[in-house]
A.B. asks: 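What follows is a single structure, and I will ask about it in a moment.
Since we're looking at a predicted model, the values are computed, not measured. One is the number of the first residue; the rest follow in order along the sequence.
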Amino acid sequence: QVRPHPDGARELASIVVEPEHRGQQIASRLIDTLLSDDPGRMYMLVDRPFANHYRRWGFHPTSPRALPNSVSRQYRIGRVVTTIGSLALRHHIRIIALERVEQ
């Protein structure tokens, strides 16, 4: 989904494909469609190992300080949740912010 925020920021979020359907380019086609309908500035919050995957759509790491307030709030919440999750899962999750400038 492209999640609109109250301050006008938009976030590409909640991209999930069931395990039995992965490897079929479903998520890529979803992202292609979502971004073709909404070509402006967009943000994402992802686990660091997956950040480079989104470069093909023009997403690049950005400083959390440069995020709009609404996305910054989501980032901070995500960092807390993933820190707790990392402890429970014994797998370090490191959320980073990505930005896609207008295409």
Side-chain angles (χ1 to χ4, degrees):
Q1 71 173 331
V2 172
R3 180 183 301 153
H5 289 267
D7 59 5
R10 292 166 309 158
E11 177 187 3
L12 183 62
S14 306
I15 304 294
V16 178
V17 176
E18 292 288 335
E20 64 269 15
H21 298 291
R22 292 181 185 159
Q24 300 175 36
Q25 301 298 309
I26 294 170
S28 293
R29 290 193 309 258
L30 286 169
I31 294 169
D32 287 342
T33 300
L34 287 167
L35 295 180
S36 71
D37 292 343
D38 202 341
R41 185 176 299 267
M42 186 92 49
Y43 299 91
M44 287 188 77
L45 304 175
V46 299
D47 192 2
R48 182 181 298 276
F50 302 108
N52 283 334
H53 176 74
Y54 296 98
R55 285 186 183 273
R56 72 183 260 199
W57 291 284
F59 285 95
H60 297 281
T62 190
S63 167
R65 293 184 180 133
L67 295 172
N69 288 335
S70 60
V71 180
S72 178
R73 186 176 320 111
Q74 293 289 61
Y75 172 80
R76 291 189 313 271
I77 292 168
R79 293 289 302 265
V80 170
V81 169
T82 57
T83 297
I84 294 167
S86 293
L87 294 172
L89 297 172
R90 295 184 182 159
H91 168 75
H92 186 67
I93 302 167
R94 174 72 184 209
I95 295 293
I96 65 167
L98 303 179
E99 178 180 19
R100 178 179 181 259
V101 285
E102 296 184 35
Q103 301 275 322

A.B. asks: List the residues meeting side-chain contact (heavy atoms from CB on, under 4.5 Å) with Ile84, not counting sequence neighbours, and say none if there are none.
C.D. replies: Val80
A.B. asks: Using side-chain contact (heavy atoms from CB on, under 4.5 Å) as the criterion, list what pairs up with Leu30, not counting sequence neighbours.
C.D. replies: Ile26
A.B. asks: Can you list everything that forms a ring pair (Phe, Tyr, Trp, His ring centres under 6.0 Å) with His53? Sequence neighbours excluded, please.
C.D. replies: Trp57
A.B. asks: I need the minimum non-hydrogen distance between Thr33 and Ser36, along with the two atoms involved.
C.D. replies: O-OG, 2.9 Å
A.B. asks: List the residues meeting side-chain contact (heavy atoms from CB on, under 4.5 Å) with Ala9, not counting sequence neighbours, and say none if there are none.
C.D. replies: His5, Asp7, Tyr43, Pro68, Ser70, Val71
A.B. asks: Just how far is it from atom CG of Leu98 to atom CG of Leu12, taken to the nearest 0.5 Å?
C.D. replies: 9.5 Å
A.B. asks: Work out which heavy atom in Val46 is nearest to a heavy atom in Tyr54; give both atom names and the distance.
C.D. replies: CG1-CE1, 4.0 Å
A.B. asks: Taking atom CD1 of Ile95 and atom CZ of Arg76, what is their separation to the nearest 0.5 Å?
C.D. replies: 14.5 Å
A.B. asks: Which atom names give the shortest non-hydrogen contact between Arg55 and His60, and what distance separates them?
C.D. replies: NH1-ND1, 2.7 Å
A.B. asks: Can you sort out the partners of Glu20 under side-chain contact (heavy atoms from CB on, under 4.5 Å), two or more places apart, ordered by chain and number?
C.D. replies: Glu18
A.B. asks: Let me confirm one number: the CZ-OG1 distance from Arg100 to Thr62, rounded to the nearest 0.5 Å.
C.D. replies: 14.5 Å
A.B. asks: Got Ser28 and Arg56 here, is their nearest side-chain heavy-atom distance under 4.5 Å?
C.D. replies: yes
A.B. asks: Could you give the distance from OG (Ser63) to CD1 (Ile96), rounded to the nearest 0.5 Å?
C.D. replies: 11.5 Å
A.B. asks: Find out if a path of hydrophobic residues (ILVMFWY) with successive side-chain heavy-atom gaps under 4.5 Å connects Val17 to Leu35.
C.D. replies: no
A.B. asks: Please list, chain by chain and in numerical order, all residues satisfying side-chain hydrogen bond (donor to acceptor under 3.5 Å, both in side chains) with Arg22, sequence neighbours excluded.
C.D. replies: none
A.B. asks: Report the distance from atom CD of Gln1 to atom CD1 of Ile15, rounding to the nearest 0.5 Å.
C.D. replies: 8.0 Å
A.B. asks: What's the spacing between Met44 CE and Arg3 CZ if we round to 0.5 Å?
C.D. replies: 11.0 Å
